[in-house]
2 protein chains.
Amino acid sequence: MDPHLLRTFVAVLDHRSFSAAASALGYTQSAVSQHIAALETDLGTRLLERRPVAPTPAGERLLEHAPALLLRLDAARADITRLHNPHPTQLTLACAPASFTPKVARALTDLRAKTHPLNLRLRTMARDAVIEDVLTGKSDIGLIDGAAAPSDPLPVPDLGPATTYPIAEEPLAVLFPHDHPLAMRHSLNLADLSQAHWIDAPDTAIPLGRLRAITQTDGFRPRLHHHGSDLHTLTTLIAAGHGLAALPLSLSSAPNTTPVPITHPRLTHRTELIHPTTPTAPARALASLLTSP
Amino acid sequence: MDPHLLRTFVAVLDHRSFSAAASALGYTQSAVSQHIAALETDLGTRLLERRPVAPTPAGERLLEHAPALLLRLDAARADITRLHNPHPTQLTLACAPASFTPKVARALTDLRAKTHPLNLRLRTMARDAVIEDVLTGKSDIGLIDGAAAPSDPLPVPDLGPATTYPIAEEPLAVLFPHDHPLAMRHSLNLADLSQAHWIDAPDTAIPLGRLRAITQTDGFRPRLHHHGSDLHTLTTLIAAGHGLAALPLSLSSAPNTTPVPITHPRLTHRTELIHPTTPTAPARALASLLTSP
DNA sequence: ACTCATTACGAACCCCGTAAGAATG
DNA sequence: CATTCTTACGGGGTTCGTAATGAGT
């Protein structure tokens with residue numbers, strides 16, 4: 001189970017094709033074929049069906065482990081190479097869209113004032129991508145958000161060693177188009193909305209699967225799926241009546257929309273900071289700015 | 001970062017010696033030296049100090065990842081090979097000591113009655129070892145225990161895909177020698193005992209580090225450390241006045257000891273079942289026996 | 001027939017053991 | 001000087017690419 005073999009296994013399933021995976025990895029299709037054959041011999045089972053390429057049951061099991069393994073391998077390398085460059089002049093911050101608040105922006109100006117020269121890089125991406133970015137060292141520090149019971153930590157997939165700190169908590173709201181019949185209410189029971197029209201935008205809003213898990217119902221079925229990390233697109237969709245989404249209350253400035261806080265069950269929108277166990281110096285500075293006041 | 005190299009890296013640090021690691025792994029000492037050299041070249045840093053053998057800072061980082069990686073690699077292989085033998089006649093159950101209750105024993109007799117032939121194997125070990133055993137397929141199913149807030153799940157290190165079910169909850173108690181001044185009380189505030197004499201027995205009782213985390217204090221310092229998974233030894237130590245330990249209330253039958261339930265903070269002793277995402281048939285049967293009634 | 005995966009085969013490379021060398025206590 | 005790690009080197013095995021073969025639509 002050489003990591004190289006796992007990597008091509010994942011690539012083959014990503015591309016649903018041996019030859020496409022080969023060119024993506026810079027191998028020849030023969031090499032890819034041999035990699036898969038080697039894995040199948042090693043594990044004593046067929047892992048893939050060919051034509052069309054699809055995982056067998058055994059392949060599905062392997063696919064549950066392989067990406068996590070490869071991620072952690074990258075994380076280990078990142079943790080070590082970070083030690084080489086202890087005082088970098090660059091800080092890369094990965095943000096989930098709804099986690100980037102005025103408070104964070106102010107912390108960045110404070111950081112600029114006290115640390116210089118400082119080359120700031122900001123990247124917006126989905127929550128899981130933030131965690132991956134931080135663990136693999138592509139970003140130095142990250143901001144994630146999600147729904148949780150008050151003062152509970154966010155449920156984070158534990159893919160490697162990292163430290164998280166809460167930095168903000170605020171009411172969780174459902175964003176309605178301003179002419180929606182419920183838009184004038186002052187409080188909401190989330191479960192009452194399970195059959196409403198929802199937009200699934202897991203990269204920006206609270207994922208619908210999370211709402212299902214919280215309410216332990218089978219509702220919250222999406223009418224429309226928004227892939228991407230742009231909040232503006234999402235609020236515009238909501239304003240146009242394509243469906244609802246759960247967002248932090250402070251995102252109420254979107255035109256033609258009205259947020260209504262969820263009062264039951266007791267939930268908050270929580271923002272957390274995540275950084276490696278041994279962060280770079282600027283990352284540590286930003287972390288202390290965001291957590292101390 | 002070949003897994004073989006990581007394995008010898010871990011072995012070298014386990015044995016604090018290249019040559020000892022070599023003989024443990026069935027390699028020659030030269031091969032071990034080459035493995036470490038290859039890792040160090042690949043990562044561009046020295047990972048170990050020699051004579052005496054000790055990890056450098058970079059080596060410490062790697063040591064944080066390598067065992068988890070190797071474990072997950074084994075877990076992946078176990079998940080796949082399990083598919084090969086779908087109706088095994090053997091069931092291996094891994095138990096943390098305080099998780100093996102009369103209820104579990106009864107479930108095993110029920111299982112015997114309805115499934116046969118059945119070759120039962122029972123293994124007692126520390127909680128972390130149970131999880132590792134289940135993930136790597138050395139045991140088919142496991143029982144773990146710990147302290148948690150009522151109806152909260154146990155905090156389990158997420159080392160791979162597995163399913164957990166709660167199977168029992170009961171009061172958490174401190175076990176005193178029967179002549180201890182506090183042994184006649186009916187309720188306890190855990191924080192009041194932070195400066196008492198404690199026995200750290202992480203494999204059998206609630207680990208003292210967990211008590212520190214729960215109370216957010218710096219107390220609960222051990223006077224004596226008990227390594228091993230035998231509850232009898234622990235209760236005998238307590239009876240002899242060597243110190244206290246936190247255990248489930250039902251373990252009150254130990255001679256010359258008295259359990260007093262912890263009433264503050266609100267805590268329970270919780271037992272959970274853990275099995276792979278795709279358990280073997282007997283494991284599934286036992287799981288349904290333990291969870292349904 | 002065309003696309004895509006497998007097999008055959010050879011050259012370059014890697015990996016481990018033997019054995020000799022260096023360093024440390 | 002004895003123990004322990006490192007280095008040099010060679011055989012055997014592995015890996016990848018080229019190219020030919022086979023299978024599916």
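Reminder, nothing fancy here: chain letters follow the sequence lines and each chain counts from 1. Because the structure is predicted, anything quoted here is derived from the model rather than measured.
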Nearest-angstrom distance from the residue atom OH of B/Y27 to P of C/dT18: 14 Å
Salt bridge between B/D133 and B/R123, side-chain N to carboxylate O under 4.0 Å? yes
May I ask you to decide if the ring planes of A/Y165 and A/H275 are parallel, tilted or perpendicular, using 30° and 60° as cut-offs? tilted
Just the rounded figure in Å: distance from P of C/dC14 to NE2 of A/H4. 11 Å
Please give me the minimum heavy-atom distance between B/A38 and B/L5, naming the atom from each residue. CB-CD1, 4.1 Å
Grab the CD-P distance between A/E49 and C/dT6 for me, whole Å please. 11 Å
Encode nucleotides 2-10 of chain D as B, S and - characters from 5' to 3', where the letter depends on protein heavy atoms closer than 4.0 Å: B to the base, S only to sugar-phosphate, - to neither. -BBBBBB--
With a 4.0 Å cut-off on heavy atoms, is A/H35 in touch with a base, just the backbone sugar-phosphate, or nothing at all? sugar-phosphate
So which one's nearest nucleotide on DNA chain D is more toward 5', A/P52 or A/A38? A/A38
Do the non-hydrogen side-chain atoms of A/L286 and A/L91 ever get within less than 4.5 Å of each other? yes
Could you tell me the separation between the CZ atom of B/R7 and the P atom of C/dC15, rounded to a whole number of Å? 16 Å
Five pairs per end, C1' atoms only: what is the angle between the end axes of the helix from C/dA1-D/dT25 to C/dG25-D/dC1, to 10 degrees? 30°
To check you understand the geometry: which heavy-atom pair defines the closest contact between A/R223 and A/H197, and what is its length? CD-CG, 3.1 Å
Specify the closest pair of heavy atoms between A/V134 and A/I141, including all atoms of both residues, with the distance to one decimal. CG2-C, 3.7 Å
Step-by-step side-chain hydrogen bond (donor to acceptor under 3.5 Å, both in side chains) determination, B/T45 to A/H84: CA-CA 8 Å; B/T45 329; A/H84 257 286; 3.3 Å; yes
So, B/T92 side chain and B/S139 main chain: donor-acceptor pair closer than 3.5 Å or not? no
